[in-house]
Amino acid sequence: MDQKGIGIMTTPVVQARGIVKRYGHVTAIDHSDFELRPGEVLAVIGDNGAGKSSIVKAICGATIPDEGEILIEGKPIKFNSPIEAREMGIEIVYQNLALSPALSIADNMFTGREIRKEGWMGKYLRLLDKPAMEDFARDKLTELGLMTVQSIKQPVETLSGGQRQGVAVARAAAFASKFIIMDEPTAALGVKESRKVLELIQDVRSRGIPIILISHNMPHVFEVADRIHIHRLGKRLCTIDPKDYTMSDAVAFMTGAKEPPAQDAG
Amino acid sequence: MDQKGIGIMTTPVVQARGIVKRYGHVTAIDHSDFELRPGEVLAVIGDNGAGKSSIVKAICGATIPDEGEILIEGKPIKFNSPIEAREMGIEIVYQNLALSPALSIADNMFTGREIRKEGWMGKYLRLLDKPAMEDFARDKLTELGLMTVQSIKQPVETLSGGQRQGVAVARAAAFASKFIIMDEPTAALGVKESRKVLELIQDVRSRGIPIILISHNMPHVFEVADRIHIHRLGKRLCTIDPKDYTMSDAVAFMTGAKEPPAQDAG
Amino acid sequence: ETSACLITKTDTNPFFVKMKEGASEAAAANGIELSTFAGKYDGDVETQVAAVETCIASGAKGILITPTDSRALVPVVTQAREAGALVIALDTQFEPADAADATFATDNFKAGVLIGQWAKAKMGDDAANAKIALLDLNASEISVDYQRDNGFLQGFGIDIKDPTDIGDEDDPRIVGNDVTNGSPDGGRTAMENLLQVDPDINLVYTINEPAAAGAYEALKSFGKEEGVLIVSVDGGCPGVQDIAGGVIGATSMQFPLLMASKGIEAIKAFAETGEKPQNSEGLDFFNTGVELITDEPVDGIPSITSAEGLKKCWG
Amino acid sequence: MSDTPQPAPKGQEFEQTLDQSDTKVASFERKHHTLLERIQHVLHNNPTLVPVIVLVISLIAFGLIAGGKFFSAFNLSLILQQVSIIGILAAAQSLIIITAGIDLSVAAIMVLMSVVMGNLAVFAGVPSGIAILIGLAGGVGAGAMNGWFITKVKLPPFITTLGTWSIFYALLLWLSGAQSIRGQDIDTEAPFLKFFGASFNLGGARITLSAILMILVFVVLWYMLNKTAWGRHVYAIGDDKEAADLSGIRTDRTLLSVYGLAGFVCALAGWASIGRVGSISPQSFYEGNLDSITAVVIGGISLFGGRGSIMGALFGALIVGVFRSGLRLSGVDVLWQVFAIGWLIIIAVAIDQWIRRVSA
Amino acid sequence: MSDTPQPAPKGQEFEQTLDQSDTKVASFERKHHTLLERIQHVLHNNPTLVPVIVLVISLIAFGLIAGGKFFSAFNLSLILQQVSIIGILAAAQSLIIITAGIDLSVAAIMVLMSVVMGNLAVFAGVPSGIAILIGLAGGVGAGAMNGWFITKVKLPPFITTLGTWSIFYALLLWLSGAQSIRGQDIDTEAPFLKFFGASFNLGGARITLSAILMILVFVVLWYMLNKTAWGRHVYAIGDDKEAADLSGIRTDRTLLSVYGLAGFVCALAGWASIGRVGSISPQSFYEGNLDSITAVVIGGISLFGGRGSIMGALFGALIVGVFRSGLRLSGVDVLWQVFAIGWLIIIAVAIDQWIRRVSA
Ligand SMILES: Nc1ncnc2c1ncn2[C@@H]1O[C@H](COP(=O)(O)OP(=O)(O)OP(=O)(O)O)[C@@H](O)[C@H]1O
Ligand SMILES: Nc1ncnc2c1ncn2[C@@H]1O[C@H](COP(=O)(O)OP(=O)(O)OP(=O)(O)O)[C@@H](O)[C@H]1O
Ligand SMILES: [Mg+2]
Ligand SMILES: [Mg+2]
């Protein structure tokens, strides 16, 4: 769909080709392609078990694919752990959130990138700057208006499901510089809370950071997505522009009720 | 709303008054009422953390309320465990499913009500009739068309999230004789799978078994519900008839954007 | 080729390690094929039973065993004898003693008596006002434990009541008993505890020398290393050195190496001639002897010095 | 509204196409390339095979090292006999471990109950049969005490049994006065206590009743765990207790029954141990707890509960027995036997882990 | 489209009212009715207080039972000294238990390293300082060996350390030939090994350096666990390893460092034990593993990981010490001491459970 001439401008942020991931007998991803472009919200839709979570995990290093190649901003890359992806500014909100229940909200927001005190205390005694981390966490959460927690020092296990989701989303939004992956971020959320997350997504996009959004909620997808990646039976079936197709079409493609439009691998 | 004359005809299946449940500091249910009428689908909606799961758990014995009384078919009852509720024909699909991952689908469907072999083998040696249970489980699942599992002996942990939800729903539908509670049964499900569950709900209702459906999905709620119980801040705010109000109204009530309609405690 | 077995209580106690050394040397010298076994802890009947059975299975001509429980192992050694093996108890007797063909042992009670007598003589008139701490093995009171403890008390002239029970005495001179597990850390803690009960303790009996070394450390930390007598049983080389160093006043030396080598010789004799060893006169076992080691000998009790002891230690 | 009656369209507009949707499921067959992968795959589907294979390999290995002495019918039956007590304890331990618990008190219960039986029958003149019944009942009681703390006071099993271990141990020392009861006294006063010590010859092998009891205990428990509802519940509890609770299992009652039954099996082991050892020794089996846990983990039963067959524990106990006997007969020093058993545990479980890898 | 610019309506029709939605959260204040409830509440918010209170209560109780002898500064400092070695081991054990592991090999590492130090310094003539450094490095190595099996071979910690316990134990018997190294030999050849045995008087109390070392170890580890990123990671791993992994913690590396550090602390305990015991004996501290675990659980650290303060283990060790000393001074038999410790474990943890109940 892109024009060839402006190749550099549109180098995809992520490009994956022929990804394969097997779990024992199950092939979760079967030679799938994937592409995320700068500044866009890319929705990923598909049946349960289609392999949506698996492919985004492969992209961010949470699982290591058996085959295929991944390019980040045009450069081939091989992540061996999610940490390497994080260090490049890639953040992911996992389907199961990946929070440590007994740790505080602030601790959770900063796991793996804690701030140390200035000066020798931080340098030699490796003393954490808790106040700084708490302030930052409080700011971020307030900014997002996502929650009304009583204390930033509260352990995450005392939060409601929605609040927890809020913490995970806030963490990703606060630290991402390259792109964010959100795996069904609104599944457990109420109407009001879901809306907040959708607003957040649009906010992040307006900061120029692209987002991959996995969701089963068609109205949400069609509201925020710039493009829709339809996943079926372990591979990308097609990508569509939500302005050109209806929700009906999207659902029909993803469930196999209709043939997808012919298109090239981009 | 009911007319007084036909009291016997419409004895509610469940009636709860002034239920209170506290978890430490948190009051999850704060003097809430609840009512389920024969043959209806009652939707329960509310914000995250409003106390929806808590109140249905109180009704089916999964938690024991601190205060308040519960009447099943007009008779006051005090469940001390979910088993007692089950024995009365009450089934619940929990938000977290409550399946044993390492056990097979058939085992999971029959936990706590296993079928023993006929004759002395079953009577004295308490030998299970595995083929009978497997046949029954296979029939139920096929009937519901909910899944295409490879083997009924497969451990549940090898199923996808959607398939698991299917097993839990099938279990409830197969054994309920009084009523079924479903706590966000479609949260993790895809479009197609969600539709199956909604069809199942209508199926069960047509068998005369009432259903309590907790959901954050307004279109689903308005599609299948006969009445909607709106929960807010730990108590029932009001119940509305989906034919009289729009989704907008319901959302406005449940989020506190609008005052609920005046109504009596029924 | 003649094969024999050596089954000791544990392999963590240097006493049994020495015994194994002695047996191995003697076996090599006599052309006997020796297998060795040991329990995992003091009182590990199960492992010793299994060991005897393995010996029977492998057709051993003789079994040398230090029964970890003098009663519990009787049935299995009876089986072994029925299977034609010569069974010799080392160090510890069976109950009844004739459950084995012979016993080559130290008289543990006698060993206790010797140090008791020595302590009494050493203290002289003060013995009447002695304040005695007894540092025993462990809560399960195995035979070595009560024999040494009661022997010491009897030697010291205290009414021991039941000779198989520790701690049933009511002599006011006894400050108390505590257990040490036969190790220096246990000895130290037990000594500290008893010093807290009565800081004027002036005589300490210990089950073995490692416990004595621990007790000495405790006394030292209380500033009481002078003027308190420590007595012990065993005669291990480090223990004899501790006599020389003034840590321990006297100890009764046993001869595990001798027990073992005698045992091997008896098996060889039995294999060649079918002759069984004889007990010492007037005893129901063959006494391999106890020797009192002290650098402060007293009249009437034969003893040798630490320098001499060092040459013989656990020989 | 139209003349051909059509079902009213259901759901949101975009869901209307669902009726035509495909019903294919993603499913892919995959070939196992290497021989190793294929072996791993077979074992993955039959995890109980693993300890069996380890057992066979160690038998062969020691047969080669230690020679005919080791591989005789007599020695093999001897191993069976030697592991019988720890084997029965391991059966009790497996029951507990399958519920995601652990029992540090099994050996203490066993010895305590053997002392109770002995004291009653030999010293108090109670008829042997009744003394044994009291001992077995005591085992149930001791197990139920563990179960009570675990289900009612909600203490973790590790801590409960760490505590009751001390308690039972102190009681047994007190009851026995730390003295063994002599074999001859048992023979004259209460020979029935030694029932399981009886043996008969079968070919060159000498089969003891205690070995038969062990196998019987395993078979019965295997049946209960795999063929009855109770057994399914035990596995479900070990798998996920909360889910079991919610899905209609009386978890507390079941757990209590498991601990009570385990206590009973321990007491049975206590009775058998009288026959096996020939006397009653309060000091014996002090390390029986760890030995039983070792057998269970080598047998491939997960310490996290819910997974593994109780038969694994039988093979686990036999593997340890074969190792001990083989090392002994090969003339390996006790010291290095301890060393070898340490490696055995690590290697056996590492193999097991490798086989259970998902990529099988 | 209208003259006042309005934001384009977002979302589905029914979501339009959300802007006016209430922002109140359900929150209710509740009074604690009874005194008991109020106490429970305070303790619930300060769980480390629990062992402190148990400690104070047992001090008072034994003060009353055993009298002034018990309650003297001297006796109290003695208790401190007596628990110092097990206390240091318990610190190492806590580290492991906070990661949801367990270490059955701590005592074996400790004794093994004290033997290594002693053999090198006393018999091989290596300068004490270097011998100690080698011993401490050996501790790190032994711990890292555990950590390697756990992180790389993915063995459960219980099984790994059950195996390495045997291995280390066999090695220590082999190295020492089961013989102790005499205190006087140490004094002449390598007195520095006994450094932590030195003591000074402070009022009536006698403070040993090993007690100070114990407190220092706890303070340093407390700081590391609570004030550094590493510590937060250790807690996160114990809490939910998978989540920790996904949220950017190098869990394997952190776990390896935890086991290595624990091994180092064990070796440190080995050094301190030479001063405390006065000699080096392979027989020492055979039950040190269970003693350390006992201290940790009495101190309120959850065996499931991620919860509890390491300071709890210090108080746990002190509680056991106070009990032992108090029972001893009250003239209780060893047998009944064992019995009492069993109940102490159960009751202390039961109180802890009661306090942690959600209804606080
Ligand atoms: N760790 C795993 N082990 C084994 N199988 C797995 C694992 N993770 C995923 N699978 C399988 O891989 C397939 C794809 O799973 P995946 O989670 O990617 O689906 P999904 O599209 O995200 O589904 P959902 O919408 O339900 O989240 C499924 O069949 C699933 O059972
Ligand atoms: N076991 C528990 N312990 C402590 N607090 C709890 C517990 N269960 C629920 N709560 C609290 O009670 C309140 C009501 O929870 P509940 O699960 O009933 O909400 P809900 O309406 O079902 O929310 P959601 O839509 O997110 O499922 C919440 O604030 C929650 O944090
Ligand atoms: Mg997914
Ligand atoms: Mg809920």
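Each chain gets a letter, A, B and so on, in the order the sequences are listed, and its residues count up from 1. A quick note: this is a predicted structure, and the numbers were derived from the prediction, not measured.
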Hey, mind stepping through B:His216 and A:Leu189 against side chain to side chain contact (heavy atoms under 4.5 Å, CB included) and telling me if it holds? CA-CA 7 Å; B:His216 289 299; A:Leu189 293 190; over 6 Å; no

Spacing of NZ belonging to B:Lys192 relative to OG1 belonging to A:Thr255, to within rounding of 0.5 Å: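 It is 6.0 Å, given to the nearest 0.5 Å.
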
With a 4.5 angstrom heavy-atom cut-off, which part of B:Val251 approaches chain A: side chain, backbone, both or neither?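 For B:Val251, side-chain heavy atoms alone lie under 4.5 Å from chain A.
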
